[in-house]
Chemist: 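One structure, as structure tokens, below. Some questions next.
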Amino acid sequence: MKPAIMVCECDGDGAEEHFNVAVGYFLYADNAGIRALSVTSRCVACGRLGYWIDWMVRTGRMELLDLA
């Protein structure tokens with residue numbers, strides 16, 4: 001995955017934009033592993049929520065949560 005620049009339509013506070021970022025995950029029914037990871041953001045200036053990216057993990061490797 002390539003790095004990307006996050007921007008908001010409100011242009012933030014001028015020179016710089018600030019975001020809160022959250023990572024969520026979905027476990028298999030038996031809690032035996034991770035099924036999916038999702039990353040989202042919120043613009044600090046205007047509060048707009050934005051979808052960033054998600055991955056279907058399917059391997060169930062719980063150690064991936066340490067990277068989130």
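Just so it is clear, the model here is predicted, and its values are computed rather than measured.
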Chemist: Against Asn20, only a single residue in Leu49, Val44, Thr40 fulfils side-chain contact (heavy atoms from CB on, under 4.5 Å); can you say which?
Modeler: Val44

Chemist: Taking side chain as C-beta onward, heavy atoms only, is Phe26 less than 4.5 Å from Ser38?
Modeler: no

Chemist: Can you name the salt bridge (Lys or Arg N to Asp or Glu O under 4.0 Å) partners of Arg48, sequence neighbours left out?
Modeler: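 Glu9.
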
Chemist: To the nearest 0.5 Å, what is the distance between CZ (Arg42) and SG (Cys8)?
Modeler: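 Those atoms lie 11.0 Å apart.
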
